[in-house]
**Student:** 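I am attaching a structure below and will ask some questions about it afterwards.
None of these values were measured; they are calculated from a predicted model. Values reported hereafter were calculated over all heavy atoms of this structure, with side chains retained and with hydrogens, waters and symmetry mates removed.
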Amino acid sequence: MRARLVLLLAFLGGAVRPAAAQIDYRNLDDDRPTFIEDAYPVERFAFELLAPWRYERAGPGQSLHLFVPELAWGVLPNAQLGLKTPIAGARDGDGTSWGLAGVRAFALYNFFTEGMTYPAISLRTDLALPAGSLGGDVTRFGLKAIATRSFGPHRVHLNLAGSAGGDGEGPAGEPLARWSAGAAVDRTIIRESLLLVAEAYAIEHHPDEPTEVLASIGARMQLRPTLVIDAGVGRRLTRNGPDFAITLGLSHAFGVTWLMPRPARGAGQ
């Protein structure tokens with residue numbers, strides 16, 4: 001009887017696999033909860049629904065509420081597609097204007113996963129389209145290089161991005177910057193269910209505007225195997241940029257059965 005029980009437990013241990021979403025708390029998405037992102041896409045054939053909120057205070061009477069629903073799909077091995085629809089509430093003076101702040105489509109491909117002597121390297125492309133009352137009137141295309149390297153429980157991330165397109169009025173939220181560069185370091189703690197991250201980066205939105213230098217800290221915690229909560233705070237390090245920013249968000253990973261490939265049948269079936 002004992003031998004049969006051992007065999008049954010061994011079979012179940014081999015048949016049951018942990019969900020890929022159980023490590024989703026380690027995936028640093030852009031602005032979730034900090035500006036810098038890591039080099040890893042969504043798992044193949046998986047979906048990730050993100051619902052982040054951000055508040056920025058730029059000065060007396062100037063603030064921004066930003067809600068950015070996002071859907072990402074692991075369309076191929078090491079590749080994902082995504083779509084963002086930012087909704088902004090911009091205050092300048094006494095009134096606050098609410099509306100859609102453009103549409104952003106993006107794709108990310110991980111060329112190299114991390115090895116013994118080299119980092120994971122990915123390339124991301126973004127297309128920002130004007131849409132909505134706060135979406136501006138320009139179309140821009142962006143390109144970002146991303147690198148991630150692990151050192152025990154720590155990881156280091158480097159991001160370098162640039163964009164091209166119209167120089168007119170951009171969206172109230174989620175604009176594609178003219179260029180940005182930054183680095184972040186994160187660490188997992190508490191039985192590998194909590195991730196802490198700190199970053200610093202420089203960003204320039206327009207040739208006529210000064211460069212902003214900012215720093216942020218944040219955390220991502222796994223509440224359930226497919227549900228992650230994140231929060232962060234940031235502040236400018238120079239005279240330019242928001243006085244402070246707060247982020248809070250949820251992400252949910254899931255699969256759609258009919259989109260997943262079926263196992264190939266044998267020749268005799």
**Student:** Taking side chain to side chain contact (heavy atoms under 4.5 Å, CB included) as the test, write out the residues that go with E114, two or more places apart.
**Tutor:**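 E114 satisfies side chain to side chain contact (heavy atoms under 4.5 Å, CB included) with Y40, A120, R149, S150 once adjacent residues are dropped.
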**Student:** Going by the rule salt bridge (charged side-chain N to carboxylate O under 4.0 Å, His left out), which residues pair with R235 if we only count those two or more places apart in sequence or in a different chain?
**Tutor:**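 Residues passing salt bridge (charged side-chain N to carboxylate O under 4.0 Å, His left out) with R235: none at all.
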**Student:** Output the distance between atom CD1 (I229) and atom CD (Q222), rounded to the nearest 0.5 Å.
**Tutor:**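 Reported to 0.5 Å precision, the distance equals 12.5 Å.
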**Student:** What's the separation between atom OH in Y201 and atom CG in N159, rounded to the nearest 0.5 Å?
**Tutor:**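 Answer for the OH-CG pair, Y201 versus N159, is 11.0 Å.
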**Student:** Once you round to the nearest 0.5 Å, how far does CG of L83 lie from CG of L71?
**Tutor:**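 Taking CG in L83 and CG in L71, the distance rounds to 7.5 Å.
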**Student:** Hydrophobic clustering (ILVMFWY, side-chain heavy atoms < 4.5 Å, transitive) - are F106 and F141 grouped together?
**Tutor:**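 Result: no, two separate clusters.
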**Student:** Any side-chain donor paired with an acceptor under 3.5 Å for T148 and D38?
**Tutor:**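 Short answer, no.
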**Student:** State whether a side-chain donor-acceptor pair under 3.5 Å links S63 with R91.
**Tutor:**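 Distance-only check fails for S63 and R91.
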**Student:** Could you tell me if E199 and S216 have a donor-acceptor pair between their side chains, going purely by distance under 3.5 Å?
**Tutor:**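 Side chains of S216 and E199: pair found under 3.5 Å.
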**Student:** Identify whether the distance between the nearest side-chain nitrogen and carboxylate oxygen of E37 and R124 falls below 4.0 Å.
**Tutor:**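 Salt bridge present between E37 and R124.
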**Student:** Which heavy atom in A177 sits nearest to a heavy atom in S163, and how many Å separate them?
**Tutor:**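 Reported closest heavy-atom pair: O-OG, 2.5 Å.
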**Student:** Quick one: list whatever passes side chain to side chain contact (heavy atoms under 4.5 Å, CB included) with S251, sequence neighbours left out.
**Tutor:**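 Side chain to side chain contact (heavy atoms under 4.5 Å, CB included) check on S251 returns D24, R32, E48, L50, R220, V228.
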**Student:** Can you see which heavy atom on A88 is nearest to which on A172, and at what distance?
**Tutor:**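 Closest heavy-atom pair between A88 and A172: CB-CB, 4.2 Å.
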**Student:** List the steps and the verdict of ring pair (Phe, Tyr, Trp, His ring centres under 6.0 Å) for F254 and H252.
**Tutor:** CA-CA 7 Å; F254 62 95; H252 173 57; 5.7 Å; yes
**Student:** Should N110 and T113 be marked as a side-chain contact (heavy atoms from CB on, under 4.5 Å) after you check the CA-CA gap, both sets of side-chain angles, and the distance that decides it?
**Tutor:** CA-CA 7 Å; N110 177 224; T113 56; 3.2 Å; yes
**Student:** Please check: side-chain N/O of R155 versus main-chain N/O of R26, any donor-acceptor pairing under 3.5 Å?
**Tutor:**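 Side chain of R155 to backbone of R26: a pair is present.
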**Student:** In terms of side-chain heavy atoms, does D186 have a donor or acceptor partner in H157 at a distance below 3.5 Å?
**Tutor:**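 Result is yes, a qualifying pair exists.
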**Student:** Please evaluate residues I189 and L196 with respect to the criterion side-chain contact (heavy atoms from CB on, under 4.5 Å), reporting the C-alpha separation (whole Å), side-chain torsions for both, the decisive distance (0.1 Å), and the verdict.
**Tutor:** CA-CA 8 Å; I189 59 174; L196 302 180; 3.8 Å; yes
**Student:** Tell me the closest heavy-atom pair linking V138 and G170, and the distance in Å.
**Tutor:**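 Residues V138 and G170, closest heavy atoms: CG2-CA, 4.2 Å.
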**Student:** Walk me through whether I203 and F35 qualify under side-chain contact (heavy atoms from CB on, under 4.5 Å).
**Tutor:** CA-CA 10 Å; I203 186 168; F35 181 77; 4.1 Å; yes
**Student:** With side-chain contact (heavy atoms from CB on, under 4.5 Å) as the criterion, how do L66 and E174 come out once you've worked through the C-alpha distance, each side chain's angles and the decisive distance to 0.1 Å?
**Tutor:** CA-CA 8 Å; L66 193 63; E174 291 282 310; 3.9 Å; yes
**Student:** To the nearest 0.5 angstrom, please state how far the CZ atom of F111 sits from the CD1 atom of I121.
**Tutor:**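 One finds 10.0 Å between CZ of F111 and CD1 of I121.
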**Student:** Should D29 and K84 count as an ion pair when the cut-off is N to O under 4.0 Å?
**Tutor:**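 Looking at K84 together with D29, the answer is no, because their closest N to O distance does not fall below 4.0 Å.
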**Student:** Using a strict cut-off of less than 4.0 Å between a Lys/Arg side-chain nitrogen and an Asp/Glu carboxylate oxygen, indicate whether R104 and E70 qualify as a salt bridge.
**Tutor:**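 E70 and R104: not salt-bridged.
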**Student:** Begin from the C-alpha positions of W73 and F47 and carry the test ring pair (Phe, Tyr, Trp, His ring centres under 6.0 Å) through to its verdict.
**Tutor:** CA-CA 5 Å; W73 176 34; F47 285 86; 5.6 Å; yes
